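Values below: every heavy atom of this structure, side chains too, minus hydrogens, waters and symmetry copies. The shown structure was predicted, so the numbers you read here are calculated from the model rather than taken from an experiment.
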Amino acid sequence: MAISPRGNNRLQFTLDAESIGSRARAATFQTLHGTVQTPIFIPVGTQATVKAQTVESLQATGARLLLANTYHLLLRPGPEVFMKFGGIHRFMNWHGPVLTDSGGFQIFSLPHSREMNETGASFKSYIDGKTLLLSPESSIAMQQTIGGDIMMVLDQCIPSTAARAEAQAAMELTHRWAVRALEAHGDSPVALFGIVQGGCHRDLRKTSAEFLRELPFDGLAIGGLAVGETHAERYDLTEWVNEHLPACPPRYLMGVGTPIDLLESVHRGVDMFDCIIPTQLAQRGVVFTSHGRLQLRRTVHKLVDEPVDARCNCQCCQRYSRAYMHHLIKSDEVLGWHLLGIHNLTFYLCLMREMREQILAGNFAVYYRQKRGELMRSDEENPNRPPKKSKMGQPARLGDYQLHRSAQGFYSIRQISSGEIMHSVSSPSEEANKLYIEQSALAARLIEGGNNAGELVIWDVGLGAATNAMAAVHRFERCHAENNGANLRPLRLISFEHNLDPLILAAKHSACFPHLHHGAPAKILSHGSWRHASELLQWQLIKGDFRDFIATAERPDLIFYDPFSYKTDAALWTGEIFARIFSRCITKPTELYTYSASTAVRVALLSAGFFVAQGVGTGPKTETTIAFNRSEGAARHPLTPQLLGQKWLMRWRRSGARFPAALSQAEQAQFIDQIENHRQFSTPV
Ligand SMILES: [Zn+2]
């Protein structure tokens, strides 16, 4: 059955079969680099490479069509490289079809670093800081230079939860840009898809579908989903939009999703999908299998001499054991990412082929009901559920860490061996803000400093679940937005952590940790660094024992000192450690903030040479501690905190925690002398 398409016929789109009792359909179309059969899943090759895969391994998974990101490729390697190579196919040695996105999604994901008007969006390159314009016309020109087989129009992406007025304005702009893109595209033999927008508003989605279906596009995409709405809303809107799209041309649901999302959306009439999930989860050791979703980091796989999925024919399952994959993932070996990426992509592409076969066989409706149960059981993607409890009633855990829900209802991470809870006293983000961000007057330092003040360096000692680091990132972004990025002091945030399990665990249950609803923590986990689009904030992870890096890490202005407590991690609270920090910072004024107000910690800081003051209270703690490496530090501090005085010294004299444990009698006398003669106590305070 061939249906003659509306508008253009570049793709020679043919419907092969439509289901009864379902909107699912199978189709075939032709691109400049070969035939495509739908439903199809499109692996994402952001940087002209699908992460950790070769062209050969991709072909073996059954991948047919790849997606490349115009925004990233425009910035690097840049158009001149694609001109030199005559396009992306020869450049990356992939000779199948390629779909290029418009670049819009990335630009609009960076709300603080671009300016938008009718013409387009101007933004700053994160590579060299140059200002670039992305317009409907320049997007088409760039996509033509990249040389893919299917191009996308530039659209304005907004959160799918945006209010009606905002959603309508974005949709109308998207429509005007769609017309301009078609004009710029002219009679190019490359296909061009329009994008339906309208947020979560059914009437807008209908208007958008009806507007775009009248234009000569070669395909129509549903954009702006999978960015904030619930699964049920997404399924509902997908079905609603498809009801208002013609049978021809192909329909493409952008950025979706998990295996169950693919099944549900094919059932609702979608032909094409792209998503980073299969390769992204592979890097974290998460795999989709015929018996459910597995986390290969878990120790239960350590000795398992069986393939990841005995029913899978991929290279990973044919040749390697779960124990080996567990080992590779635990060791952060690239081979683990590569092999699990192969497996997950194979799982996705097999699922798509299976759906097509069932549609062609006229059996999809039955298959859908049965497969749905199977995939639902294994699907844990719904981020809005509280963390699962295992059969034993134990909270979710990873390694030595588990989720902890406080009586007040907020979540923290608890170390199982010590029982210690990170940020136990109040909601983690609240404590981070009060103790580290507000008390250090971070915003004022960023704004008043200006670009000329040089980089502000923060040491975040004990990344944990990234609570303090993300509080700093969020404060930076707020300052950046409120000042339009003008004259903001550059910030370098250096986090030290030897065990990433707390962050991985929290990220896995991000519904419980609102501070992680941001792209940066994932980047920190995958790449060890993240940059704000403005280039004014760099966040870097130094993985390992903090003590090994004191002498070499960039000298800090501020230190957020938040390791586990003295009781759990005594090595990080000694006078010797503080002395090494003190001597590293000798050339610049430095302030150290910590939650501990214990006498032992304060005396250790004093013995290292610091001037020690009372910090603000947080939750039930009546005070915390600030240490300065300059005598005038406290007086110059915006909050002029109170230096510890004679009263504290008297308490110390009476204290059982007077000395570091290792001191001999003679050393004790010397220590008393050193503390009592500290300059802090010799001047009246
Ligand atoms: Zn496999």
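One side chain, Y235 or D261, offers a donor N or O that lies under 3.5 Å from an acceptor on the other. Residues S495 and D460 bring a donor and an acceptor atom of their side chains to less than 3.5 Å of each other. There is a side-chain donor-acceptor pair under 3.5 Å between E354 and Y367. Between the side chains of Q540 and S529, no donor-acceptor pair of N or O atoms lies under 3.5 Å.
The CE atom of M254 lies 10.5 Å from the CG atom of L225; values are rounded to the nearest 0.5 Å. Atom CG of residue L360 and atom OG of residue S19 lie 9.0 Å apart, to the nearest 0.5 angstrom. Taking SG of C275 as the reference point, atom CD of Q280 lies at 8.0 Å (rounded to 0.5 Å). Note: Q47 CD to R76 CZ = 6.5 Å, rounded to the nearest 0.5 Å. If you take CG on L253 and CG on L262, they are separated by 9.0 Å, rounding to the nearest 0.5 Å.
In this structure, the ring of F91 has its center less than 6.0 angstrom from the ring center of F82. Between Y71 and F105, the gap from one ring centroid to the other reaches at least 6.0 Å. Ring-centre distance between H527 and W539: not below the 6.0 Å cut-off. Aromatic pair F273/F41: centroids not less than 6.0 angstrom apart. Ring pair H95/H33: centre-to-centre distance not below 6.0 Å. With ring centers used as reference points, F496 lies under 6.0 Å from W459.
Between the H338 side chain and the A52 main chain, a donor and an acceptor come within less than 3.5 Å of each other. Side chain of H326 to main chain of Q295: no donor-acceptor pair is present (N/O by atom type, distance under 3.5 Å, no hydrogens or angles). Looking at D562, its side chain never comes within 3.5 Å of a backbone N or O of V461 through a donor-acceptor pair. Looking at D271, its side chain never comes within 3.5 Å of a backbone N or O of P39 through a donor-acceptor pair. At distances below 3.5 Å, at least one donor-acceptor pair connects side-chain atoms of N344 with backbone N or O atoms of V286. The backbone N or O of L281 lies less than 3.5 Å from no partner atom in the side chain of W337, so there is not a single donor-acceptor pair. Side-chain atoms of S57 come within 3.5 Å of backbone atoms of T54 as a donor-acceptor pair (strictly under, hydrogens ignored).
Across K330, R284, H301, a single residue satisfies side chain to side chain contact (heavy atoms under 4.5 Å, CB included) together with L296, and that is H301. Here the rule is side-chain hydrogen bond (donor to acceptor under 3.5 Å, both in side chains) with R414, and of E420, Q402, H404 only Q402 fits it. Partner of F513 under the side chain to side chain contact (heavy atoms under 4.5 Å, CB included) criterion, chosen from T467, I413, L505: I413.
At a threshold of 4.0 Å, the pair R23-E18 does not count as salt-bridged, since none of the basic side-chain nitrogens sits closer than that to a carboxylate oxygen. Ion pairing of R234 with E264 is absent here, as no side-chain N (NZ or NE/NH1/NH2) approaches a carboxylate O to less than 4.0 Å. Classification of R268 and D236 as a salt-bridged pair fails, no side-chain N sitting under 4.0 Å from a carboxylate O. Taking the charged nitrogens against the carboxylate oxygens, K543 and D548 have no contact shorter than 4.0 Å, which rules out a salt bridge. Using a 4.0 Å cut-off between charged side-chain N and carboxylate O, R547 and D545 make a salt bridge.
Ring geometry, F193 versus Y252: the interplanar angle exceeds 60°, so the pair is classed perpendicular (tilted spans 30 to 60°). Using cut-offs of 30° and 60° on the angle between ring planes, the pair H518 and H474 is perpendicular.
Pairing each heavy atom of C312 with each of Q318, the nearest pair is O-NE2, 3.0 Å. Smallest separation of non-hydrogen atoms from D332 and R297: OD1-NH1, 4.4 Å. What you find for R322 and P307 is that their closest heavy atoms are NE-O, 3.2 Å. Scanning all heavy atoms of the two residues, the minimum distance from A506 to A465 falls at CB-CB, 3.9 Å. Taking every heavy atom of both residues into account, D16 and R356 meet most closely at OD2-NH2, 3.1 Å. Of all non-hydrogen atoms in P43 and A63, the two that sit nearest each other are CG-CB, 3.9 Å.
Under the 4.5 Å side-chain criterion, counting only non-hydrogen atoms from C-beta, V308 is in contact with M325. Looking only at side-chain heavy atoms (C-beta outward), L541 and L500 come within less than 4.5 Å of each other. Counting heavy atoms from C-beta outward, R251 and N242 have side chains that approach closer than 4.5 Å.
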Output, in order, the C-alpha distance, side-chain angles, deciding distance and verdict of side chain to side chain donor-acceptor pair (under 3.5 Å) for H72 and T46.
-> CA-CA 7 Å; H72 292 288; T46 302; 5.7 Å; no

Begin from the C-alpha positions of L99 and D274 and carry the test side-chain contact (heavy atoms from CB on, under 4.5 Å) through to its verdict.
-> CA-CA 10 Å; L99 182 149; D274 78 276; over 6 Å; no

